[in-house]
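Residues: numbered from 1 along the sequence shown.
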Amino acid sequence: MGNTNKTFDGLLVLQYQSGDKKALSLLVKRYHLRLCRHAFWYTRDMDAAKDIVQDCWSVMVNKLSNIKDPNSFGSWATKIVTRKSLDYLNRNKRTREHMQSYAKLSETDGSYEEGESDRLKLQNGIRLLPGDQQMVLRLFYTQEYSLREISDILNISVGTVKSRLFHAREKLKTILKTNNDEKRSGKN
């Protein structure tokens, strides 16, 4: 996310801390869908993701007055959703089994039809990566968090974030090259 967005979020947090309840409503509008998508990435269950995010908003509202860096609201909120999503997965064995079958399905589905877009090929390639690599790619490229913010969200070192990004990119290059080579040789 750009610095302008972070600054705007910071101002909304400060306004809320000063008693402006409309500021919270704006934060919810800005982040609710993004946080639901983030929780869905873990759970693969939209109802569960919505419930998790709703629970997280309760936590965030209670702790918003104590946030240390108002400009870091986005990464702070994402970290809370990440932890609640992981808690949900740890509590729900059936969901874990569902995710494992989803991962197996993704691994076996490597076919590409004529005219399939590069974006779809990229998405399918990303699905073949380990979950930890998928997450850092998603946070870095689609949600535009910095390495430090990703480190905080996932509770890992910046070095680990860099390593996962590097390995994810390299593995993705190999996957895409292999799929292109197979397509050219008619193996698909």
Any carboxylate oxygen within less than 4.0 angstrom of a Lys/Arg side-chain nitrogen, looking at D87 and R83? no
Is any side-chain heavy atom of T174 closer than 4.5 Å to a side-chain heavy atom of E170? no
Is the backbone of D152 close enough, under 3.5 Å, to the side chain of K79 for a donor and an acceptor to pair up by distance? yes
Please determine whether residues F166 and I156 belong to a single hydrophobic cluster, defined as Ile, Leu, Val, Met, Phe, Trp and Tyr linked transitively by side-chain heavy-atom distances below 4.5 Å. no
Enter the distance from T178:OG1 to K173:NZ here, rounded to the nearest 0.5 Å. 13.5 Å
Hydrogens and angles aside, do S75 and S72 bring a side-chain donor and acceptor to less than 3.5 Å of each other? no
Report yes if some heavy atom in the side chain of K68 is under 4.5 Å from a heavy atom in the side chain of W76; otherwise report no. no
If every non-hydrogen atom of A49 is compared with every non-hydrogen atom of C36, which pair is closest and at what distance? CB-O, 3.6 Å
How close do G125 and I175 get, heavy atom to heavy atom, and via which atoms? O-CD1, 3.7 Å
Find the distance between SG (C56) and CG (D51) and round it off to the nearest 0.5 Å. 10.5 Å
Value for CG (L86) from CD1 (I52), rounded to nearest 0.5 Å, stands at 9.0 Å
Compare all side-chain heavy atoms of Q15 with those of L26 and state whether any distance is below 4.5 angstrom. no
Starting from L33, can I reach W41 by hopping between I/L/V/M/F/W/Y residues whose side chains sit under 4.5 Å apart? no
So do L139 and H38 actually touch side chain to side chain, heavy atoms under 4.5 Å? yes
Is there a path from M60 to F8 through hydrophobic residues (I, L, V, M, F, W, Y) whose side chains come within less than 4.5 Å of each other? yes
Does any donor atom in the side chain of T43 or Y88 lie under 3.5 Å from an acceptor atom in the other side chain? no
Are any side-chain N or O atoms of T82 and backbone N or O atoms of T78, one a donor and one an acceptor, separated by less than 3.5 Å? yes
Decide yes or no for L154 and V161: does some side-chain heavy atom of the first lie under 4.5 Å from some side-chain heavy atom of the second? no
Can you tell me how far the CG atom of L27 sits from the CG atom of L11, to the nearest 0.5 Å? 10.5 Å
Is it the case that one hydrophobic cluster holds both F40 and V53, taking links as side-chain heavy atoms less than 4.5 Å apart, direct or via other members? no
Side-chain donor-acceptor contact under 3.5 Å, Y31 with D9: yes
Determine whether I153 and V81 make a side-chain contact, defined as any pair of heavy atoms from C-beta on separated by less than 4.5 Å. no
What are the two closest heavy atoms between S151 and S157, and how far apart are they? OG-C, 3.7 Å
Which pair of non-hydrogen atoms, one from I67 and one from F73, has the smallest distance, and what is that distance? CD1-CA, 4.0 Å
Does atom NZ (K50) have a neighbourhood of more than 12 heavy atoms from anything else shown, all under 6.0 Å? no
So K84 and V59, do their side chains get closer than 4.5 Å, heavy atoms only? yes
Any Lys/Arg nitrogen of D132 or R164 sitting under 4.0 Å from an Asp/Glu carboxylate oxygen of the other? yes
Is M46 linked to V28 within one hydrophobic cluster, defined over Ile, Leu, Val, Met, Phe, Trp and Tyr using a side-chain heavy-atom separation of less than 4.5 Å? no
Do L14 and Q17 come close enough that some side-chain heavy atom pair is under 4.5 Å? yes
Which heavy atom of Q134 sits nearest to which heavy atom of R127, and what is that distance? NE2-O, 3.2 Å
Out of curiosity, R169 CZ to L137 CG, how far, rounded to the nearest 0.5 Å? 7.5 Å
About how many Å separate CG of L176 and CG of L172, when rounded to the nearest 0.5 Å? 4.5 Å
